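Accompanying notes for the structure given below.
Just so you know, these numbers come straight off a predicted model, no measurement behind them.
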Amino acid sequence: MKRFLLLLVIATLLCSTLAGCGNKDVDSEVGSQEVADELDEAKENEPVVYRTTGSKTVTLNPHIYQTTAESDTMSYIFGNLLAIVYDEETENYKFIGDHAVDLPTRNEDGTVWTFKLREGLKWDDGTPLNARDYEYSYKMLMDPKLKNSRGPQVFDADVVVVNAKKYWDGECEWEDVGIKALDDYTLEITLEFPVPEVDFYLTFTGGGATSPVQEKVYEAGMNEDRTETNYGTSKETTPSSGAYKLEEWIRDQMKVYVKNEYSPIKDIYTVDRVESRVVEDENTRVQLFENNDIDAVGLSGANYDKYAEDPRLVFSKSTTVWSMFINMASEDKPFLRDVNFRKALFYAMDRKTIAEDIFKTAKPAPYVVSSFKIAVPSKGLTYRETEAAKSVLPQNDGYDLELAKEYFDKAYEAYGKKMEVEIQYFDNSENMKRVAELLEQDYENLFGADRIDIQLRAVPWNNAYDNMEEGKYDLGFGGWAGGVFNPWSSMEVYTQGFTSKIDQFKSDEFDELYRRTVKGDLIFKEQERIEALAKMEKILLDEVPFVPMYEPEGASMYHDRIELITKGKYLPGVGFGTLQSHFAPLE
Amino acid sequence: MARYIAQRLVLMVITLFVIVSVSFFVLHSMPGSFINDPRMPKEVKKAIEDKYHLNEPLIVQYGYFLKDFVRLDFGISIALQPKVNVNKILATKIPVSMQVNIFSLILSIPVGIILGIWAALKKNKIPDHVISILIIAFISIPSFVFASLLQYFIAFKLGWFPIVVTTEQTLTWSKFVSMVLPILALSFGSIAGIARYTRAELCEALNSEYMLLAKSKGLTQVQATTRHAMRNSFIPLANIIIPMFTGIMGGSLVIEKIFSIPGMGSVMVEAINAKDYPVAMGVLFWYSLVGLLTILIVDLSYGIIDPRIRIGGRK
């Protein structure tokens, strides 16, 4: 019986195989062609999916967010009055109206700005969105009871709204604040002092603190004494108003965004769906990329070495110039107050080795203002490309050992004995430790171990900054970021009035130049403003309150199926323009 | 027995209170703030901190804490998941870690015991040497090394398992498959620990005089081992196995990071680093409670495993 059954099965299989062999050549060719065409068609019609990785998102409340992961998400799901996109014609960034019909208009002196909003705007759930929602959102942003951490964005930033700080402090009524919805489609904003157009545009561009919040959800999540709201803590409490809407959010694991049908600018973007997975381990991310599970990956250290020659590598830029700060007001160690000593450290710093051998993707920076910062927004011209900036640059990347020794000899002569100095570095950064070790070795070798003794100390990063603020350090690493479009306002951190100052530099001339370029007579004088910035930079380079070291660049790699619209160029405001890029279908 | 348990429970409450109080003062004495925006104006930073009473004297803050603590309310997170209730955060994180840990436990205990028994029965023979070498390797090499190796070779190179755990919220077959590697990585250390303990205890029991007596009374080696040696050698094992059961709520910092598991692993460290006092205090309290309960259960278990041990007995 068993044999019979076995024979029956074999016979059946043979029959079905033979039955499938009729007209094999013709049928299979036609069939496979049809299938291939259908597959191609299906792939063409499939939504474009961008698969990426990110970090944990702690909140999606636009009034209190902190991290890049959060602002990345907000750039997808929160609309704003304006948007910044890649413009193929100019091959650069461009400001466009998002919820606003177009760019805002302003009065003659540049203090009153008016946005006209589009009609028929809606949240992703279909709830109408208009100028009154914007007014409500800004009222909540500055609410004196909520004390939102992003409140200062409209009273302690490039743009200062009339009475915003007073309202935040609970010292005036909302009616006194310079934000008014004149009607459902007109929003008027009054500033305390005029600002250049780009600064004003940027304040109301892209997802972030100035994006609207949905009143009914915001109010529903409010506690009894109105000091907290649970807005943006889950998918249910995060309505979308951007080009994408939040389809799924599993805390600390993944987010999925799909096109928001109500967004007026959704068609600018080619990507229909973004899948973002939280993967904190870089090696895991690289494996996922190599396994074709994600479309882009950031690389550093050994992973960068592995792909250093890969043509798919692209580099993002940073607004930070990392520096070694010097306690130039030290009472214990008077030689730190000697500018000759500080200049000796400046010229003896081997920035090339630090940037290229230790950080690999960084570049040497013997200057204060990052090469990413834009000085002429209308032309996309960076400050470092201007003649004024070039004129303050030291030669040979500021590496001149003879000059360094000359300065050191003068400082040593003045001090008269061995100089003992300590470098504090961040305890969680292997690279910073290596920089400190390199500097210890270089300085002691060049100036003589009998004349200078460098000690190293590992300190948690936040404590390191506290020490610098309190002047309890000799030398320490640090860096300030800042707005890419406003290098002038970034200079605030070196002024005497800056409350979180980590350097000990004090100059009335510098402060006056800062005031004139940010709030004074030079705001609308393009060339003079640039020259003033160069002058500020020169003052810092002459006084050396810190020794600029390097400018970091982030290496990333995109999958072959993505053809970046910026052709790999990293642009302010739009990055690589990933969501506007061309994506081949997923295999 | 009931009196003993009551006494222990009272002691436990006192210990817990001391732990929580000391932790409160230590955590709040750490320098720094939960606001890590260095450009934020000082007065703005102070105003936000004032909202959470963080600039008031420690003793006053402690009073606020105790007021909520008696209701087991640790408040809302201020940095890790701002505005989300601490107990809610833990309630979403703990099950994620438990899912992996339970499977790890299911694998570790029987495998560990079997290997330990086998090594003891084959003492100084090849199986014992092989098992002992494996035990040394599993104990001395950190679990994250195994995790990385498993991920690289088994998942990435061979493609037998996903590189990271899937995002499904319920336990499906594909979710389970994606959890196999972290389960294995978590289990190696426990297996080695249990096997080493079992082998040592069983070897000692097998050489005891009561085994000689049992066999002389006519019991076979298997009967004597299972009925007498194993039962006696399992008493000290309670010391390590029971904490494993109660420890399933904790997560592994590195393994969860490698396999992208959003569990408890990093919560405590992140909360302390971020100066998120409510979350740190919540985690500390619940873990201390579980730890103290574990010690009590272990102590009580001795009497259950071996009735000759009388707990809290008086002369």
Side-chain angles (χ1 to χ4, degrees), chain A residues 53 56-59 61 64-66 144-149 151-152 155-157 165 168-169 221 223 227-234 248 250-254 256 277-281 283-284 286-288 290-291 293 460-463 465-466 469 478 480-482 492-493 498-500 502, chain B residues 30-45 47-52 76-85 88-89 92-93 96 144 147-148 151-152 155-157 159 162-169 254 256-263 266-267 270 273-276:
Chain A
T53 54
K56 288 176 183 172
T57 301
V58 305
T59 181
N61 179 344
I64 56 166
Y65 75 96
Q66 287 192 9
K145 278 188 173 178
L146 288 168
K147 285 277 181 278
N148 288 310
S149 57
F155 61 74
D156 187 64
K165 176 71 165 65
W168 199 83
D169 286 335
N223 64 358
T227 54
E228 307 285 357
T229 174
N230 69 0
Y231 194 85
T233 55
S234 64
E248 203 174 347
I250 304 171
R251 271 239 184 219
D252 301 342
Q253 199 168 30
M254 60 104 73
V256 176
R277 179 78 204 258
V278 175
V279 182
E280 292 185 293
D281 183 56
N283 292 325
T284 308
V286 173
Q287 288 175 24
L288 287 169
E290 290 181 351
N291 211 34
D293 289 331
W461 72 267
N462 41 0
N463 295 110
Y465 279 121
D466 288 344
E469 260 188 71
W480 289 108
E492 185 196 10
V493 298
F498 184 61
T499 55
S500 302
I502 59 170
Chain B
M30 289 193 319
S33 167
F34 77 97
I35 301 165
N36 58 12
D37 177 2
R39 293 192 72 152
M40 185 179 280
K42 281 270 182 336
E43 77 269 19
V44 172
K45 189 175 170 185
I48 297 171
E49 287 172 347
D50 283 348
K51 183 178 155 184
Y52 298 104
I76 55 166
S77 162
I78 53 176
L80 245 55
Q81 292 186 19
K83 323 291 182 195
V84 181
N85 188 280
K88 193 178 166 191
I89 295 174
T92 53
K93 291 263 178 194
V96 178
F144 65 82
S148 300
Q151 187 186 51
Y152 184 74
F156 177 59
K157 284 284 175 194
I163 292 170
V164 291
V165 168
T166 63
T167 57
E168 293 139 296
Q169 292 301 284
V254 187
E256 287 190 354
K257 187 177 172 188
I258 290 173
F259 291 101
S260 299
I261 301 169
S266 58
V267 173
E270 284 178 2
N273 282 340
K275 312 283 181 303
D276 194 332

Non-hydrogen atoms of chain B under 4.5 Å away: do they reach the side chain of D156(A), the backbone, both or neither? side chain
Portion of L80(B) that has a non-hydrogen atom of chain A nearer than 4.5 angstrom: backbone
Flag, side chain of K147(A) to backbone of W168(A), donor-acceptor distance under 3.5 Å: yes
Could you tell me which portion of Y231(A) (side chain, backbone, both or neither) has an atom closer than 4.5 angstrom to a non-hydrogen atom of chain B? neither
Counting only non-hydrogen atoms closer than 4.5 Å, does F155(A) touch chain B with its backbone (N, CA, C, O), its side chain (CB onward), both, or neither? side chain
Where on K45(B) is there a heavy atom nearer than 4.5 Å to chain A: the side chain, the backbone, both, or neither? neither
Pick one of side chain, backbone, both or neither for Q66(A), based on which atoms fall under 4.5 Å of a heavy atom in chain B. side chain
Chain A shares the most heavy-atom pairs under 4.5 Å, among A155(B), G32(B), A47(B), with A47(B)
Salt bridge flag under 4.0 Å for residues E469(A) and K42(B): yes
Select one option (side chain, backbone, both, neither) describing which atoms of I250(A) are under 4.5 Å from chain B's heavy atoms. side chain
Report which part of K275(B) has an atom under 4.5 Å of a heavy atom belonging to chain A: side chain, backbone, both, or neither. side chain
Based on non-hydrogen pairs under 4.5 Å, which of V254(B), I261(B), N36(B), V96(B) is most in contact with chain A? N36(B)
Regarding S266(B) and K56(A), do their side chains bring together a donor and an acceptor under 3.5 Å, going by distance alone? yes
Separation of I48(B) CD1 from I35(B) CD1 (nearest 0.5 Å): 4.5 Å
Part of E270(B) lying under 4.5 Å from any heavy atom of chain A: side chain
Would K83(B) and E228(A) pass as an ion pair if we require N to O under 4.0 Å? yes
Best-contacting candidate, N273(B), N85(B), V165(B), against chain A by heavy atom pairs under 4.5 angstrom: V165(B)
So which heavy atom on I258(B) is nearest to which on D281(A), and how close? CA-CB, 4.2 Å
Under 4.5 Å from any heavy atom of chain B, what part of N283(A) do you find: side chain, backbone, both or neither? neither
Y465(A) and W480(A) aromatic ring geometry - parallel, tilted or perpendicular at 30°/60° bounds: tilted
Can you tell me which portion of V279(A) sits under 4.5 Å from chain B's heavy atoms? Options are side chain, backbone, both or neither. both
Supply the atom-to-atom distance K88(B) NZ to S77(B) OG, rounded to the nearest 0.5 angstrom. 12.0 Å
So what's closer than 4.5 Å to chain B heavy atoms on T229(A): side chain, backbone, both or neither? backbone
Would you confirm whether N230(A), through its side chain, and T233(A), through its main-chain N or O, come within 3.5 Å as a donor-acceptor pair? no
Tell me whether Q169(B) contacts the main-chain N or O of T167(B) through its side chain, where contact means a donor paired with an acceptor under 3.5 Å. yes
Honestly, the part of R277(A) sitting under 4.5 Å from a heavy atom of chain B is side chain
